[in-house]
Undergrad: 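Encoded as structure tokens, here's the structure I'll be asking about.
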Amino acid sequence: MENEVENIKFLDLVRGALSVDDLEQARISLLGKKGEITNLMRSLGQMDVKERKVKSPQYNRLKQTLEQAIKEKRDTLLKKEIEARMDAEWLDISQDPREMNTGLVHPVSRVTEEIVSIFSDLGFSVAEGPQIESDWYNFDSLNIPPDHPARQEFDTFYINPDDNGRSENVSPNVLRTHTSPVQVRFMEKHGAPCRIIAPGRVYRSDYDLTHTPMFHQIEGLAIGEGISMSNLKWVLVEFCKAFFELDSIDLRFRASHFPFTEPSAEVDIRCSWVANSLVVGKGDDWMEILGSGMVHPNVLEAANVDSTKFQGFAFGMGIDRLAMLKYGMPDLRSFFDNDIRWLKHYGFAAEKSSNLYDKLSG
Ligand code: DAH
């Protein structure tokens, strides 16, 4: 019958397709809206019943055969195309990989994390305060009135100075010279009892081997009803053992003076110099590491804490200085030079330091 020849022609069209695109063209020309098979199906409507009874099953079979053939052909063509692509695109895994620049953690960040982690184990939480600070918080509230000689010792950067170069009437008006103002801010807001540390940047107009105009401090504060100097000593001994990774440690509490503590003590750690490098923990030398004392009642009152009921200790230490001691970095200025060679040498792999974060949050 005429259809046999026709059918083979349709099938050849499908089977002869050379690509998936080709095949799609063939499918449209047969089964698309205006395709030949679609037209045949449409012509059934014009036939009389008798003819339709004969043709309808034929056309439907033809349509199914073609649909099946198209599907099979598409699978074969797709497979071929993938094989061709795999032959054309290939990866030379023997080539050296491109150099990757992984960032490193700055020693200051690393040491801050270490310190925070140790104190959080001891039950201290982290507090923060602004770096641009008012005279009141940076000095007055800490028992350092305007004419106090301690103000001169701080080499303060004043902001918006008035005609006299001072700025008593403008607020905020200094770059904070220490993290101690966070003590007052925290107690004012949260009251007592409390146990916090406050790490952060501080600023003083000073520049040499061990001083930079911006550096980092960490403040500690523990206020309660019955906190004494011996609690301070225990906390600091535990901290130093953990920080310097030593089983026992010798600390020397040396009487000192800070306006915001009474009594006050500077703390030295036993150390020695071996072949020009510092060994912490043994020897006959002492290295000063922090200032501390019992918080002055005036400071508690400035923060609206009842000094007849509460007392406690505070301490402040230089983070950069602790980093220099622990990791043997001789010049503080290079910390902030942004010299990539320095960072590569002294930086820490991020992975190790993020473990500390895990410890913190865990
Ligand atoms: N704020 C002092 C400084 O920057 C350090 C300090 C000493 C902080 C004694 C304290 C403290 O909390 O009790 O030199």
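One-based numbering, in listed order, for ligands and for the atoms of each. This structure is a prediction, so every number in the text was calculated from the model and none was measured.
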Undergrad: Establish, yes or no, whether a centroid distance under 6.0 Å links the rings of His178 and Tyr203.
TA: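 Centroid separation for His178 and Tyr203: 6.0 Å or greater.
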Undergrad: Specify the protein heavy atom at minimum distance from atom 12 (O) of ligand 1: its residue, its atom name, and the distance to 0.1 Å.
TA: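 Protein heavy atom with the smallest distance to atom 12 (O) of ligand 1: Glu219 OE2, 2.6 Å.
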Undergrad: Should the proximity of Phe315 to ligand 1, defined as any heavy atom under 4.0 Å, be assigned to the side chain, the backbone, both, or neither?
TA: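 Looking at Phe315 and ligand 1, just backbone atoms fall under 4.0 Å.
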Undergrad: Compare all side-chain heavy atoms of Phe186 with those of Cys194 and state whether any distance is below 4.5 angstrom.
TA: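 Yes - at least one pair of side-chain heavy atoms lies under 4.5 Å apart.
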Undergrad: Could you check atom 3 (C) of ligand 1 against the protein and tell me its nearest heavy-atom contact, residue, atom and distance included?
TA: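 Answer for atom 3 (C) of ligand 1: Arg204 NH2, 3.6 Å.
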Undergrad: State the atoms of ligand 1, each with its element, that fall below the 4.0 Å cut-off from a heavy-atom position in Ala314.
TA: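 That gives atoms 12 (O), 13 (O) of ligand 1.
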Undergrad: What are the atoms of ligand 1, with element, lying closer than 4.0 Å to any heavy atom of Ser180?
TA: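 Once the distances to Ser180 are compared, the set is 1 (N), 8 (C).
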Undergrad: Just checking, Arg204 and Phe215: is the charged tip under 6.0 Å from the six-membered ring centre and within 45° of the axis?
TA: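 Because its charged atom misses either the 6.0 Å distance or the 45° angle limit, Arg204 does not stack over Phe215.
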Undergrad: Relative to the heavy atoms of Phe258, which atoms of ligand 1 are at a distance of less than 4.0 Å?
TA: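 Going through ligand 1 atom by atom, the ones under 4.0 Å from Phe258 are 7 (C), 9 (C).
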Undergrad: Can you list the ligand 1 atoms lying under 4.0 Å from a non-hydrogen atom of Gln183?
TA: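 So the atoms of ligand 1 that pass are 12 (O).
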Undergrad: Step through it carefully: locate the ring centre of His211, locate the ring centre of Tyr207, and say whether they are under 6.0 Å apart.
TA: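 No, ring centres 6.0 Å or more apart.
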Undergrad: Classify the ring geometry between Phe243 and Phe239 as parallel (under 30°), tilted (30 to 60°) or perpendicular (over 60°).
TA: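 Ring orientation of Phe243 relative to Phe239: parallel.
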Undergrad: Counting from 1, what ligand 1 atoms have a heavy atom of Gln217 closer than 4.0 Å?
TA: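 What qualifies from ligand 1 is 3 (C), 4 (O).
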Undergrad: Would you kindly confirm whether Ile269 and Phe315 end up in one hydrophobic cluster when ILVMFWY residues are joined by side chain heavy atoms under 4.5 Å apart?
TA: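 As far as the 4.5 Å side-chain criterion goes, Phe315 and Ile269 are connected within one cluster.
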Undergrad: Could you work out, for atom 13 (O) of ligand 1, the closest of Val295, Val202, Asn138, Thr261 by heavy-atom distance?
TA: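 Ranked by closest heavy atom to atom 13 (O) of ligand 1, first place is Thr261.
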Undergrad: For a ring-ring contact (aromatic ring centres under 6.0 Å, His included) with Tyr327, tell me which candidate from Phe335, Phe244, Phe348 qualifies.
TA: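 Testing Tyr327 for a ring-ring contact (aromatic ring centres under 6.0 Å, His included) against Phe335, Phe244, Phe348 leaves exactly one candidate, Phe348.
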Undergrad: To which protein heavy atom is atom 2 (C) of ligand 1 closest, and what is the distance rounded to 0.1 Å?
TA: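 Checked against all protein heavy atoms, atom 2 (C) of ligand 1 sits closest to Phe260 CZ, 3.7 Å.
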Undergrad: I'd like to check which ligand 1 atoms, numbered from 1 as shown, lie under 4.0 Å from a non-hydrogen atom of Gly293.
TA: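 Those atoms are 13 (O).
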Undergrad: Measure up the Phe336 and His216 rings against each other and bin them: parallel (under 30°), tilted (30 to 60°), perpendicular (over 60°).
TA: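 The rings of Phe336 and His216 sit tilted, inter-plane angle from 30° to 60°.
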